[in-house]
Amino acid sequence: INQKMKEFKKEHKSMNDWMDETEKLVNSLSVNMDPKKASRVQDKINVSRQHHRTLIHFFFSLILLILIKRVLNKNFVFP
């Protein structure tokens, strides 16, 4: 679990960086933008979105592992 938490912290930072980068890309779009440039920006946003999905899957897997560990250790209290 400790190793997974280290990975989680690393991926959390990566996710924050991703959100910052995506926000910059979205803010760079404008109505008067060259269509080819707008398409390139949109492609970057789409690639970034796929990376984000991978991170979300990682986070949910980690949370599930932590919950399983707590249940197995009987440290988990159901609401």
Side-chain angles (χ1 to χ4, degrees):
I1 292 290
N2 289 337
Q3 180 62 31
K4 288 290 183 188
M5 288 306 292
K6 287 179 185 177
E7 290 177 33
F8 176 80
K9 288 177 183 177
K10 180 181 169 186
E11 293 297 329
H12 186 265
K13 182 185 180 327
S14 176
M15 188 168 171
N16 284 338
D17 293 344
W18 166 80
M19 290 187 324
D20 292 342
E21 179 64 25
T22 302
E23 183 178 11
K24 288 177 189 174
L25 288 170
V26 170
N27 289 337
S28 74
L29 294 170
S30 67
V31 174
N32 298 327
M33 183 179 253
D34 174 59
K36 288 181 182 179
K37 184 175 181 181
S39 291
R40 286 192 301 271
V41 171
Q42 182 63 44
D43 289 343
K44 287 181 183 179
I45 291 170
N46 288 338
V47 167
S48 184
R49 186 181 304 146
Q50 290 172 356
H51 175 72
H52 173 69
R53 286 185 186 137
T54 301
L55 290 175
I56 293 296
H57 289 291
F58 173 80
F59 287 134
F60 281 124
S61 297
L62 180 61
I63 290 167
L64 182 60
L65 282 173
I66 291 169
L67 288 174
I68 289 170
K69 183 180 181 216
R70 287 182 180 177
V71 168
L72 291 175
N73 289 334
K74 299 184 182 181
N75 292 334
F76 184 77
V77 177
F78 289 98

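Because only heavy atoms are used, hydrogens play no part in the values below, and waters and symmetry mates are left out as well, while side chains stay in. All residue numbers refer to positions in the sequence shown, counting from 1.
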>> Filter on salt bridge (Lys or Arg N to Asp or Glu O under 4.0 Å), then keep only pairs touching residues 19-29, sequence neighbours left out; what's left?
In response: none

>> If you compare all heavy atoms of Val41 against all heavy atoms of Ser28, which two are closest, and at what distance to 0.1 Å?
In response: CG1-OG, 3.8 Å

> With sequence neighbours left out, what residues match Ser39 under side-chain contact (heavy atoms from CB on, under 4.5 Å)?
Replying inline: none

>> Suppose we screen for side chain to side chain donor-acceptor pair (under 3.5 Å). Which residues come up paired with Lys13, at least two apart in sequence or across chains?
In response: Asp17

>> If I take atom CD from residue Gln42 and atom CG from residue Leu25, how far apart are they, to the nearest 0.5 angstrom?
In response: 9.5 Å

